[in-house]
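Please read the structure below before turning to the comments.
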Amino acid sequence: MKNYLTNLFAASAEKLIYLKDVDISFSVPKSESHGDLSTNVAMLLTKQLKKNPRQIAEEIIKSLELDTNVITNVEIAGPGFINFHFSSEYVSQIIDNILTENEKFGKSDKYKGKTANVEFVSANPTGPLTIGHGRNAVLGDALATLLEYVGYDVEREYYFNNAGRQMRVLGDSVKLRYLEMLGETIEFPDDYYQGEYIKDIASSVIEEYGEKVKSEDAEGVFKQAAEQAIFTDIKNTLSRLGIIMKNFFNEHTLYTDKKIDGVLAAFKEKGLSYENEDAVWLKLTDMGNEQDKVIVKSTGEPTYRLPDIAYHINKFERNYDLIVDLFGSDHAATYPDVMAGCRALGYDTDKVKVMIHQFVTIMENGEIVKMSTRKANFVTIDELIDEVGADVVRYFFVMRNMNTHLNFELDLAKKQSDENPVFYLQYAHARIASILRMTEQENLKSSTEFLNLLIHPSEQRLIKKLHQFAEEILYAAENFEPNKVANYLEELAAIFHKFYTDCRILGSDKTLAEARIALAKAAQIVLRNGLTLLKVSTPERM
RNA sequence: GCGCCAGUAGCUCAAUCGGAUAGAGCAACAGCCUUCUAAGCUGUAGGUUAGUGGUUCGAGUCCACUCUGGCGUACCA
């Protein structure tokens, strides 16, 4: 429909020159009485033409070569909107296209041939993934899938660090538990990892080595056992959510491959770093940032900024067209430094899209639960999936705009999960499956021969909504807003349920019934494509 | 103190570059199943879009200030 109008206006622009320099866009009005599509172009031209917008609108409409079989009415409304009403015949034919495209409907090849890297989760292997990581994992995966839907070749990547102080403490924690289990009296510091999973790992060390490793360094077998066990656990959790990473990038390789040294040398050579009190500082003030920051501590150890810069340079060198980083708001302050560093070394940071999502607040018994991996005061994703299922978990995290705080009502999610909107969507899908089973028994088939019979408002509304799917996907992908897909599907499901109530299939004339079956099938295709994109299952029965 | 993100119905959230009468779900109340799934549909009620000023044809959306909450502001990651 938009394409039709775009072409129409392009033809008119030959006559009205001023239409060539203005951005003509069409939007779906909030109120149906304002037509199917509307443009504000006349109002945008008021300043330039110094004319009343309604006058301009009239001139534009006169210039349009309208086909009354397609457009039944054009009107000027309000301050100067031009509203277009499409014919029901034109609208009903849209179904044909959806059925033909089937599982491809909604995808586009706009970015075909482009590559993207999406980095997300990136939790260090110090414990199981918590609900906090869940939001990141689900959003990141949905973003990656959206990019795939519009043509990108996408790599999902997980960046981790198994070398730092956190990991040393982890190894120590396991070793202490190990010694404890072997009967030694130990003192377990408060700031060590308190979780039960540490004991599980310790007992697996006992199983494998017995008492042999008692005098081993905590950094050795203990840390390794912990890392391995935790990573296995993390990968398993991700796979329960349908997430499969292409790459696991170990920060440590940046040291062994001398990338860290290379970056350090590059900064020095360009005069972008200096030494002060035995530490190396990056001249971020010269790059437009607030203050200089330390990149190598006086101990000789780099701060996180340095490997982060080296890591991003590595990604730049892999030549992606788009690099997406997704992390929680606690990291919001770090990326401007990292980007500034990369830019100073000549890399095109416009390719990088840094996405920041706000935190998840867990509410239990009306109180906020403070989460900390260290204190083992957390709810794991696994526990949550066990309680409510992967579909609910995925949908819950993807349904909301990432830059608002997410209140996770634990009791509500557990007890009243039936009220989760995800069931509303799945129910619509299952209902259609049921219709198709039933009509088949009655020897009715889907037919596109008499689609023009679909003139009921509920039918027309449904078709128009289905038609919008492709552009909704494109919009969601280009704006990195996966929650738009969920919002769209909820609206679609509501319109379908209304159609279901208003327009019966069994009992209608055969030609009408078969046209309605075609419409139901089209609705099922769109629901399935949307839910599949979000990796939510599409049940045939509920 | 400074920076970033937010504040919309009792609760959770929408509102497509600044567009027309701010919309859904849940909760509340009143209805609809002898016919394709009632996990559904219809109706009622619920709002000074945190506040004050500004920009303009037009502001929930942009600007300034104030209030409230979250996250930062390390030679932690």
Side-chain angles (χ1 to χ4, degrees), chain A residues 23 25 27-31 33-34 38 40 43-44 46-47 52-53 77-81 83 122-124 126 161 164-166 251 276-281 290-291 293-305 307-308 328-334 336 356-359 361 368 399-409 412 416 418-428 430-439 441-442 444 468 471-472 475-476 479 481 483-484 486-488 490-491 493-494 496-498 500-508 513 516-517 520 541-542:
Chain A
D23 185 23
S25 64
S27 61
V28 180
K30 281 181 194 167
S31 163
S33 60
H34 294 138
S38 173
N40 63 348
M43 286 179 285
L44 295 178
T46 46
K47 272 196 187 139
N52 180 318
F81 291 102
N83 297 337
S122 296
N124 287 337
T126 59
N161 167 17
R165 200 175 61 90
Q166 289 177 58
E251 178 186 321
N276 185 24
E277 294 178 2
D278 294 332
V280 181
W281 295 69
E290 292 247 324
Q291 51 185 312
K293 295 279 171 64
V294 169
I295 49 175
V296 181
K297 298 186 240 177
S298 51
T299 59
E301 242 180 320
T303 65
Y304 65 90
R305 281 184 195 86
D308 271 9
S329 61
D330 54 338
H331 286 238
T334 80
I356 293 177
H357 66 84
Q358 296 299 311
F359 271 24
T361 309
I368 295 171
M399 69 193 270
R400 279 168 202 164
N401 190 323
M402 72 173 82
N403 56 27
T404 67
H405 301 279
L406 179 58
N407 275 320
F408 200 116
E409 296 262 358
L412 198 91
Q416 306 184 355
D418 279 11
E419 286 164 12
N420 191 302
V422 70
F423 295 112
Y424 186 74
L425 307 185
Q426 292 181 315
Y427 186 63
R431 253 187 165 174
I432 297 171
S434 173
I435 292 174
L436 297 179
R437 281 193 299 271
M438 201 63 73
T439 51
Q441 277 177 19
E442 303 285 327
L444 291 165
Q468 284 166 26
E471 66 189 62
E472 291 282 349
Y475 181 88
N479 291 282
E481 292 185 55
N483 63 300
K484 296 285 178 196
N487 298 152
Y488 166 82
E490 282 175 41
E491 288 164 14
F496 169 75
H497 284 308
K498 177 75 172 139
Y500 177 90
T501 310
D502 293 346
C503 304
R504 311 294 286 184
I505 293 174
L506 295 182
S508 303
R516 283 179 173 169
I517 294 172
R541 295 169 203 273
M542 283 176 80

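- In this structure, A:Q291 atom CD and B:U73 atom P are separated by 10 Å, rounded to whole Å.
- A:H405 does not qualify as a stacking partner of the B:G69 base, lacking a centre-to-centre distance under 5.5 Å together with planes within 30°.
- The separation between A:K30 atom NZ and B:U16 atom C1' is 10 Å, rounded to whole Å.
- Atom CD of A:E481 and atom C1' of B:A14 are 12 Å apart (whole Å).
- Taking atom P on both B:C26 and B:A39, the two are 13 Å apart, rounded to the nearest angstrom.
- Anti is the conformation of B:C67, whose glycosidic angle sits further than 90° from 0.
- Using the Watson-Crick or G-U wobble rule with both distances under 3.5 Å, B:U55 pairs with nothing in any strand shown.
- In textbook terms, a nucleotide whose glycosidic angle is within 90° of 0 is syn, and B:C17 is one such case.
- What you find for A:A494 and A:Y424 is that their closest heavy atoms are CA-OH, 3.0 Å.
- Without hydrogens or angle criteria, A:R305 side chain to A:T334 main chain gives no donor-acceptor distance under 3.5 Å.
- Here A:A279 lies in heavy-atom contact (under 4.0 Å) with a base.
- Taking 4.0 angstrom as the limit, A:R504 places a side-chain polar atom (N or O) nearer than this to OP1 or OP2 of B:C36.
- Using a 4.0 Å heavy-atom cutoff across all strands shown, A:N479 reaches no nucleic acid atom at all.
- Rounded to whole angstrom, the span from the CZ atom of A:R437 across to the P atom of B:C36 amounts to 13 Å.
- Among the heavy atoms of the strands, none lies under 4.0 Å from A:S31.
- The side-chain heavy atoms of A:N403 and A:I356, taken from C-beta on, include no pair separated by under 4.5 Å.
- A:T303 places a side-chain N or O within 3.5 Å of a backbone atom of A:V294 that can act as its donor or acceptor partner.
- Taking side-chain N and O atoms only, A:Y304 has no distance below 4.0 Å to OP1 or OP2 of B:A77.
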